[in-house]
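Notes follow once the structure below has been shown.
The basis for the numbers below is simple: all heavy atoms, side chains too, and nothing from hydrogens, waters or symmetry mates. One-based numbering, in listed order, for ligands and for the atoms of each.
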Amino acid sequence: MGFRKDFLWGGATAANQCEGAYDVDGRGLANVDVIPIEDRAEIVTGKRKMLDFEEGYFYPAKESIDMYHHYEEDIALFAEMGFKTYRFSIAWSRIFPKGDEVEPNERGLAFYDNLIDELLKYDIEPLVTITHFDIPMHLVTEYGGWRNRKVISFYERLCKVLFNRYKGKVKYWLTFNEINMLLHAPFMGAGIVFDEGEHKEQSLYQAAHHELVASALATKIAHEVDPNNKIGCMMAGGVHYPLTPKPEDVWGAYTSDRENLFFIDVQARGYYPNYALKYFERNGIELEISHEDKAILKENPVDFISFSYYNTRIGVAEDAEVENVESNLFQTPDNPYLEKTEWGWPIDPLGFRTTINSIYDRYQKPLFVVENGLGAVDEPDENGYVEDDYRIKYLAEHIKQMRDAVDLDGVDLLGYTTWGCIDLVSAGTGEMKKRYGFIYVDRDNYGNGTLKRSKKKSFNWYKKVIASNGEDLSNN
Ligand code: BG6
């Protein structure tokens, strides 16, 4: 009983939140580089245009924790914890600096060659996110981001390079990080900055369609290059609870869930669900979907479903007047039954079990939890040691619920990677102060610090969790 023997324990990061070296070895500028710590929400949502560095702003992705030059040291620490897998993402503009070139940038590829070889040296299975909120800036300014159909073929080119280059080395791939986030953070999720008077939903769903077709094409190519490849979709998970048992609130929660599941419905089943087609019709959204697109979607469903889980949300009646709080770029009413993190995110371990089950019930495909964790303020001592019992408690409670989902509910779960296994830049706020790691990195919100890495208390705790295959969650 318990987790499968080959359960993939590990941690997760994203290129723009940890690599730094934004202009090194031929890397081109990307959307994520020009998102500063200030006015961040306005920019990631595409409401405010910032297409280059501007005076008076701090851009955390430029240097981040400089994993580009520290990956050997960082991977050695992951190996010491006993990681079975490490999830990282490819910075698209390292491989194709502008995005529309024909030949890839060898120096950019060399970085990932080395990183992957370093992982394999320790028998750590690479889990690669092909794009984690990034797109080369040239594709934003010249093509309008994922709104433009042409971007599909540029992404296809990236995939071909990656699948061929890493054949036999990388088996697990995720096509787009949190694909449903595109609706909430269009600049981050799709390189979209809205024009005056633009029909926003029309653009968002057309961009979504392009990403969905691109994802299916990636699945097709991956299987052609190597039938052993396993391709996953990835969504920002977390079920909606109804605000009250009032049927209108229950319906609100149901439809809010579908707003997220829509993406996975297409990726896992291979076609647009009727409720989405009807929604488009009612809202004047006319998508360009060719017969060929439909065939590609139909023939190439994903092999497994991955998702992040931080919290549950609340759904309400359409006409309800409630105050919202913000949690991971989603607007949701407060849940008074749950404790909150220092950033106001609800903490809901049982909601994790509910979320895992609801996804498994719907698709009956293997699942992979690729993000979960607690963003908190850490107070290191003079050696960089942090007594992060709060993090241990959070993770232990969530792993316990995940174990119940496997043991008591029979969910087929491939693995679990905690978010930000090493401290990195927050996607939502741009801060360093919001830390998730087992490894402390000496750097503050504005780039001061030595970048020295040190182990927190949770480091040895997670090592024990992995060694016991999730049986020993005690904190002693
Ligand atoms: C997920 C993203 O939404 O949440 C990550 O995939 C992000 O990129 C993580 O970092 C945690 O959010 P935040 O805002 O605390 O960094």
Side-chain angles (χ1 to χ4, degrees), residues 10-19 30-33 35-37 40-45 60-61 64-65 67 86-92 127-135 174-190 211 232-238 260 263-264 305-313 325-332 340-347 352 355 368-378 390-391 394-395 398 416-437 441 443 445:
T13 62
N16 76 87
Q17 293 172 255
C18 68
E19 282 180 6
N31 60 335
V32 279
D33 300 332
I35 306 178
I37 196 164
R40 197 168 176 94
E42 292 283 289
I43 293 165
V44 296
T45 50
S64 189
I65 60 160
M67 198 189 260
Y86 169 53
R87 174 181 174 227
F88 63 94
S89 79
I90 304 286
W92 188 345
L127 167 57
V128 179
T129 316
I130 298 168
T131 47
H132 191 123
F133 295 153
D134 73 323
I135 177 169
L174 307 179
T175 51
F176 289 88
N177 180 63
E178 296 191 336
I179 190 163
N180 51 323
M181 198 58 101
L182 177 159
L183 300 178
H184 306 272
F187 185 57
M188 218 155 70
E211 289 195 2
C233 51
M234 169 12 174
M235 83 154 171
N260 297 322
F263 292 86
I264 312 305
I305 292 160
S306 81
F307 58 98
S308 60
Y309 176 79
Y310 294 93
N311 47 252
T312 46
R313 306 175 186 112
V325 291
E326 206 212 272
S327 166
N328 203 6
L329 299 167
F330 285 79
Q331 302 291 324
T332 176
K340 313 286 162 5
T341 71
E342 285 159 297
W343 273 264
W345 293 18
I347 300 177
F352 190 23
T355 299
F368 206 138
V369 177
V370 294
E371 282 184 37
N372 173 235
L374 175 70
V377 177
D378 287 337
Y390 39 90
R391 183 166 294 111
Y394 177 101
L395 291 172
H398 282 77
Y416 174 74
T417 56
T418 65
W419 176 248
C421 44
I422 179 165
D423 291 347
L424 39 62
V425 172
S426 157
T429 69
E431 294 165 295
M432 266 308 294
K433 197 173 156 198
K434 191 179 188 191
R435 297 170 184 274
Y436 287 86
V441 179
R443 183 175 167 91
N445 282 355

field: Test of proximity, Lys434 against ligand 1: N or O pairs below 3.5 Å
entry: yes
field: Partner of Glu371 under side chain to side chain donor-acceptor pair (under 3.5 Å), chosen from Tyr436, Tyr310, Tyr416
entry: Tyr310
- request: Provide, to 0.1 Å, the distance between atom 1 (C) of ligand 1 and the closest protein heavy atom, together with that atom's residue and name.
  value: Glu371 OE1, 3.0 Å
message: Among Trp345, Trp343, Tyr310, Tyr309, which one puts a heavy atom closest to atom 12 (O) of ligand 1?
response: Trp345
- request: Measure from the side-chain N and O atoms of Asp134 to the backbone N and O of Thr131, and report whether any donor-acceptor pair falls under 3.5 Å.
  value: no
field: With Asp378, the salt bridge (Lys or Arg N to Asp or Glu O under 4.0 Å) member among Arg435, Lys433, Lys434, Arg391
entry: Arg391
message: Is a donor from one side chain sitting under 3.5 angstrom from an acceptor on the other, for Thr129 and Arg87?
response: yes
task: Run the numbers for me: atoms of ligand 1, each under 4.0 Å from some heavy atom of Asn177, listed by number.
output: 6 (O)
Plane angle bin for Phe352 and Tyr309 - parallel if under 30°, tilted between 30 and 60°, otherwise perpendicular: parallel
- line: Looking only at protein heavy atoms, what sits closest to atom 3 (O) of ligand 1 is Glu178 OE1, 2.5 Å
task: Name the closest protein heavy atom to atom 14 (O) of ligand 1, giving the residue it belongs to and the distance to 0.1 Å.
output: Gly428 N, 2.8 Å
- prompt: When you measure from atom 16 (O) of ligand 1 to every protein heavy atom, which one gives the shortest distance, and what is it?
  reply: Ala427 N, 2.8 Å
- request: Flag the pair Ser308 / Met181 as yes when at least one side-chain heavy-atom distance between them is below 4.5 Å, and no otherwise.
  value: no
message: Is there a polar contact, in the sense of an N or O pair closer than 3.5 Å, between Met181 and ligand 1?
response: no
query: What is the closest protein heavy atom to atom 10 (O) of ligand 1, and at what distance does it sit?
result: Gln17 NE2, 2.9 Å
- prompt: Would you call Phe307 and Asn372 a side-chain contact if the rule is heavy atoms closer than 4.5 Å?
  reply: no
message: Any heavy-atom pair between the side chains of Met432 and Ile65 that's under 4.5 Å?
response: yes
field: Nearest-contact summary for atom 13 (P) of ligand 1 - protein heavy atom, Å
entry: Ser426 OG, 3.4 Å
task: Starting from atom 15 (O) of ligand 1, locate the nearest protein heavy atom and write down its residue, its atom name and how far away it is, to 0.1 Å.
output: Tyr436 OH, 2.5 Å
